[in-house]
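Notes to accompany the following structure.
All residue numbers refer to positions in the sequence shown, counting from 1.
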Amino acid sequence: MCITKTTYRFSMTFILDTDRLYLRELQLSDAPFIIELLNSAGWLKYIGDRNVRTIEEAEVYLKNGPLKSYAELGYGLSLVALKSTNKSIGMCGLLKRDYLEYPDIGFAFLPEVMGNGYALEITLALKQFAEVHRQINKLCAIVQTDNDRSIKLLKKLGLTFTSKIKSPQTNEMLELYSNGV
């Protein structure tokens, strides 16, 4: 898949856009979407239950997660939306986990938009953005061993299997992928 247009702009919340999507920083006003995404079947199966069921819990998640990451690192999980309708469809971004040496790329989408190439489109653009504008050349990703769709996407991003690691939060074995730089 070729991205024909990627524009980079710097503002308080806007990060980048592609032909069909834009990526912007999450805000407290995104709490209803966070509830929907964090309780979707794919999130619960492959990422885990974050016990976010109310607007207040979603706001705490945002404050202690993405918003804190923006303030401390200058990056974090961000909202993915369709340019044509402004509909929020997922999250994508860079995270810095204590137990990983390099920033890792993370993504999650609502079930009804999967299979349209959105995840590949935005992760390719984000990877390019990280390299060009943040000088982040070494990226990794963690994934459950049975998450075939995400593993396929990571390979399309140029990441290769590095090792198995144990998640400090859940004690489950995960696969670690990196771009080998």
Side-chain angles (χ1 to χ4, degrees), residues 1-4 6 15-23 26 33-34 36-52 61 65-66 69 73 75-82 87-132 134 136-181:
M1 173 182 217
C2 179
I3 297 175
T4 57
T6 303
I15 300 167
L16 61 87
D17 69 336
T18 65
D19 284 340
R20 302 183 296 167
L21 308 169
Y22 66 84
L23 187 69
L26 286 155
F33 172 72
I34 292 300
E36 181 182 9
L37 183 64
L38 272 60
N39 290 289
S40 66
W43 184 286
L44 294 171
K45 180 177 181 179
Y46 294 116
I47 299 171
D49 191 349
R50 298 296 189 256
N51 296 307
V52 174
Y61 170 86
S69 183
L73 303 171
Y75 59 81
L77 286 172
S78 299
L79 183 121
V80 180
L82 296 172
K87 178 178 174 31
S88 301
I89 62 169
M91 281 197 301
C92 181
L94 300 177
L95 301 110
K96 184 59 186 112
R97 300 177 204 266
D98 294 339
Y99 61 94
L100 296 176
E101 187 174 356
Y102 302 103
D104 69 296
I105 193 162
F107 50 89
F109 289 83
L110 294 173
E112 63 266 22
V113 301
M114 290 183 184
N116 291 300
Y118 297 137
L120 180 60
E121 184 175 326
I122 204 68
T123 55
L124 280 171
L126 180 63
K127 183 179 176 223
Q128 182 181 7
F129 176 83
E131 292 168 354
V132 172
R134 298 281 190 226
I136 298 174
N137 296 311
K138 180 79 172 180
L139 284 175
C140 63
I142 53 173
V143 62
Q144 286 188 0
T145 59
D146 64 339
N147 191 341
D148 297 331
R149 289 180 85 150
S150 289
I151 291 170
K152 191 184 241 183
L153 177 82
L154 295 175
K155 290 178 179 178
K156 287 180 181 178
L157 287 176
L159 304 180
T160 56
F161 175 78
T162 304
S163 65
K164 291 198 179 220
I165 63 168
K166 187 184 255 187
S167 167
Q169 289 94 8
T170 64
N171 287 323
E172 74 179 311
M173 292 305 292
L174 300 172
E175 292 184 0
L176 175 66
Y177 286 74
S178 72
N179 60 353
V181 174

Reported [atom1]-to-[atom2] distance for the pair [X] and [Y], which is rounded to 0.5 angstrom:
X	Y	atom1	atom2	result
Leu176	Ile165	CG	CD1	5.0 Å
Leu94	Ser78	CG	OG	8.5 Å
Leu154	Lys156	CG	NZ	11.5 Å
Leu23	Phe129	CG	CZ	8.5 Å
Thr162	Glu101	OG1	CD	11.0 Å
Asp19	Asp17	CG	CG	8.5 Å

Using the salt bridge (charged side-chain N to carboxylate O under 4.0 Å, His left out) criterion, which residues pair with Arg97? Sequence neighbours excluded.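 With sequence neighbours excluded, Arg97 shows a salt bridge (charged side-chain N to carboxylate O under 4.0 Å, His left out) to Asp104, given in chain and number order.
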Is it true that atom CD of Glu172 has more than 12 heavy atoms of other residues, nucleotides or ligands lying nearer than 6.0 Å?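 Counting neighbours around CD of Glu172, more than 12 heavy atoms of other residues, nucleotides or ligands fall under 6.0 Å, so yes.
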Got more than 12 heavy atoms from elsewhere within 6.0 Å of NZ, Lys87?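 Yes, because the 6.0 Å sphere around NZ of Lys87 holds more than 12 heavy atoms from other groups.
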Which residues pass the side-chain contact (heavy atoms from CB on, under 4.5 Å) test with Ser150, not counting sequence neighbours?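 Only Phe107, Val143, Asn147 meet the side-chain contact (heavy atoms from CB on, under 4.5 Å) criterion with Ser150.
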Do [X] and [Y] come close enough that some side-chain heavy atom pair is under 4.5 Å?
X	Y	result
Tyr75	Ile15	no
Ile34	Leu26	yes
Phe161	Ile151	no
Ser178	Tyr102	no

Closest heavy-atom contact between [X] and [Y]?
X	Y	answer
Leu77	Gly93	CD2-N, 3.8 Å
Pro168	Tyr99	CG-CD2, 3.3 Å
Lys127	Leu139	CG-CD1, 3.9 Å
Trp43	Leu37	CB-O, 3.3 Å
Met173	Lys164	CE-CB, 3.7 Å
Ala141	Leu159	CB-CD1, 4.0 Å

Hey, mind stepping through Leu174 and Thr145 against side chain to side chain contact (heavy atoms under 4.5 Å, CB included) and telling me if it holds? CA-CA 6 Å; Leu174 300 172; Thr145 59; over 6 Å; no
Given side chain to side chain contact (heavy atoms under 4.5 Å, CB included), test Leu73 with Leu95 step by step and report yes or no. CA-CA 9 Å; Leu73 303 171; Leu95 301 110; over 6 Å; no
If only atom types and distance count, is the side chain of Glu121 paired as donor or acceptor with the main-chain N or O of Arg20 below 3.5 Å?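 Side chain of Glu121 to backbone of Arg20: a pair is present.
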So Lys96 and Ser69, side chain to side chain contact (heavy atoms under 4.5 Å, CB included) or not? Walk me through it. CA-CA 8 Å; Lys96 184 59 186 112; Ser69 183; over 6 Å; no
Show the numbers, then the answer: is there a side chain to side chain contact (heavy atoms under 4.5 Å, CB included) between Ile89 and Leu21? CA-CA 9 Å; Ile89 62 169; Leu21 308 169; 3.8 Å; yes
